[in-house]
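Right, one structure below, let's go through it.
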Amino acid sequence: YEMCDLNYKECMPHIQQRDNVIWIDFKRDLSSFYRKWKANEINFLEWIVSVFTARSYAYFNRKDLRPFFKSTFNLIKKLFLFMISREDKKKEKDNSSLNNKKEFLNILYIIDWLSKAKGGGTESHLANLIAHINKDKFSCHVCAFDGNNNGPISPIVKKIQDAGVSVINIPVGRFYSLKAFEQLFKLRKFIRENKIDIVQTFHFKSDTYGVFASKLAGVHRIISSRRDVGDLKEGRHILLNRMINPLIDQFIMVCDAAG
């Protein structure tokens with residue numbers, strides 16, 4: 001509204017109206033989606049479609065991307081710190097729950113791939129570990145980030161299944177894809193439904209993406225098995241490892257240089 005200068009009389013409003021404009025604050029919308037998703041009122045695809053119908057954003061403008069990057073960084077930082085603080089509060093309580101209260105533990109092994117024809121040393125190690133683990137104390141599950149549940153079965157997968165352990169395939173693809181974001185909640189749901197107590201990860205994607213999903217699901221213990229010296233990793237991979245490492249409870253390394 002405009003005010004007249006002389007007698008302070010209210011002038012007629014000058015309004016420019018545009019129809020079919022959807023404005024969105026992504027940070028608040030993401031929070032709203034999480035609450036509705038927990039209440040089974042909306043799924044991920046419905047939410048993402050609603051996001052792309054927006055034509056105006058609180059922080060995003062192609063001419064000046066700095067507010068968008070700043071708000072996105074602050075959101076990720078806030079979520080990361082919240083997860084760490086929440087797990088720190090639970091850690092003291094969880095210490096006694098595994099050792100004193102529960103005699104039978106559910107273990108989930110997460111590995112980047114199992115669909116190779118014969119498998120490498122890590123895959124063979126996992127199959128042998130599962131074959132010889134005490135089934136009276138541990139119930140095992142395996143999750144692989146490659147292949148599909150209807151594809152051909154590799155010898156390594158067959159050996160694991162012969163030991164009475166199921167293998168679930170959750171193809172992730174690239175970290176930054178919408179498919180990876182959707183699969184994150186699928187893995188989280190699997191962990192919660194099977195009441196997983198311990199997660200052990202193998203390889204880079206499992207050590208980062210798998211660890212993050214496990215923490216979101218509230219896993220008591222996360223163990224990372226490091227089996228290389230990182231000579232094939234790029235700078236962004238090393239940075240991501242360092243960001244996720246505080247969420248891991250224990251590390252198993254084949255040598256001092258591994259990490």
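Predicted model only: the values in this text are computed from it and were never measured.
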Which residues satisfy the side chain to side chain donor-acceptor pair (under 3.5 Å) test with W47, sequence neighbours excluded?
->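 Listed in chain order: D29.
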
Examine distances only and state if a side-chain atom of [X] and a backbone atom of [Y] form a donor-acceptor pair shorter than 3.5 Å.
| X | Y | result |
| --- | --- | --- |
| N106 | D197 | no |
| Q161 | V167 | no |
| S32 | R28 | no |

Quick one: pull up [atom1] in [X] and [atom2] in [Y] and give me the separation to the nearest 0.5 Å.
| X | Y | atom1 | atom2 | answer |
| --- | --- | --- | --- | --- |
| I42 | Y34 | CD1 | OH | 15.0 Å |
| H220 | L105 | NE2 | CG | 9.0 Å |
| I196 | I222 | CD1 | CD1 | 11.5 Å |
| L108 | C143 | CG | SG | 6.0 Å |
| F145 | L187 | CZ | CG | 5.5 Å |

Can you name the closest pair of heavy atoms from Q183 and Y209 and give their distance?
->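 Residues Q183 and Y209, closest heavy atoms: C-OH, 3.3 Å.
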
Residue pair A131 / A163: nearest heavy atoms and the distance that separates them =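 Of all heavy-atom pairs spanning A131 and A163, the closest is CA-CB, 4.1 Å.
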
Which residues pass the side chain to side chain contact (heavy atoms under 4.5 Å, CB included) test with [X], not counting sequence neighbours?
| X | value |
| --- | --- |
| K189 | E193 |
| K158 | I153, D162 |
| Q250 | I223 |

Residues two or more places apart in sequence or in another chain: which of them pass ring-ring contact (aromatic ring centres under 6.0 Å, His included) with F181?
->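 Once residues adjacent in sequence are excluded, the partners of F181 under the ring-ring contact (aromatic ring centres under 6.0 Å, His included) criterion are F44, F185.
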
Mind checking salt bridge (Lys or Arg N to Asp or Glu O under 4.0 Å) for R66 and listing every partner two or more places apart, or none if nothing turns up?
->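 For R66 the salt bridge (Lys or Arg N to Asp or Glu O under 4.0 Å) partners, ignoring immediate neighbours, are D64.
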
Salt bridge (Lys or Arg N to Asp or Glu O under 4.0 Å) involving R35 - partner list, sequence neighbours excluded | none

Under the side chain to side chain contact (heavy atoms under 4.5 Å, CB included) rule, what do L129 and Y109 come out as? Steps first, then yes or no, please.
-> CA-CA 10 Å; L129 174 63; Y109 298 100; 3.7 Å; yes

Does the side chain to side chain contact (heavy atoms under 4.5 Å, CB included) test come out yes or no for I160 and L114, once each step is laid out?
-> CA-CA 10 Å; I160 293 174; L114 279 178; 4.2 Å; yes

Atom pairs and distances, side-chain donor-acceptor, residues 135-142, under 3.5 Å, sequence neighbours left out:
{"residue": "K135", "atom": "NZ", "partner": "I130", "partner atom": "O", "Å": "2.8"}

Side chains of residues 199-208: which donor-acceptor pairs under 3.5 Å do they make with residues two or more places apart or in other chains?
{"residue": "T201", "atom": "OG1", "partner": "D207", "partner atom": "OD1", "Å": "2.5"}
{"residue": "H203", "atom": "NE2", "partner": "E123", "partner atom": "OE2", "Å": "3.4"}
{"residue": "K205", "atom": "NZ", "partner": "G173", "partner atom": "O", "Å": "2.8"}
{"residue": "S206", "atom": "OG", "partner": "I110", "partner atom": "O", "Å": "3.4"}
{"residue": "S206", "atom": "OG", "partner": "I111", "partner atom": "N", "Å": "3.4"}
{"residue": "S206", "atom": "OG", "partner": "D112", "partner atom": "N", "Å": "3.3"}
{"residue": "S206", "atom": "OG", "partner": "D112", "partner atom": "OD1", "Å": "2.6"}
{"residue": "S206", "atom": "OG", "partner": "F202", "partner atom": "O", "Å": "3.1"}
{"residue": "D207", "atom": "OD1", "partner": "S224", "partner atom": "OG", "Å": "2.9"}
{"residue": "D207", "atom": "OD2", "partner": "R226", "partner atom": "NE", "Å": "3.2"}
{"residue": "T208", "atom": "OG1", "partner": "F204", "partner atom": "O", "Å": "2.9"}
{"residue": "T208", "atom": "OG1", "partner": "K205", "partner atom": "O", "Å": "3.3"}

Please lay out, stage by stage, how K159 and N128 fare under the test side chain to side chain contact (heavy atoms under 4.5 Å, CB included).
-> CA-CA 9 Å; K159 184 175 181 179; N128 291 329; 2.5 Å; yes

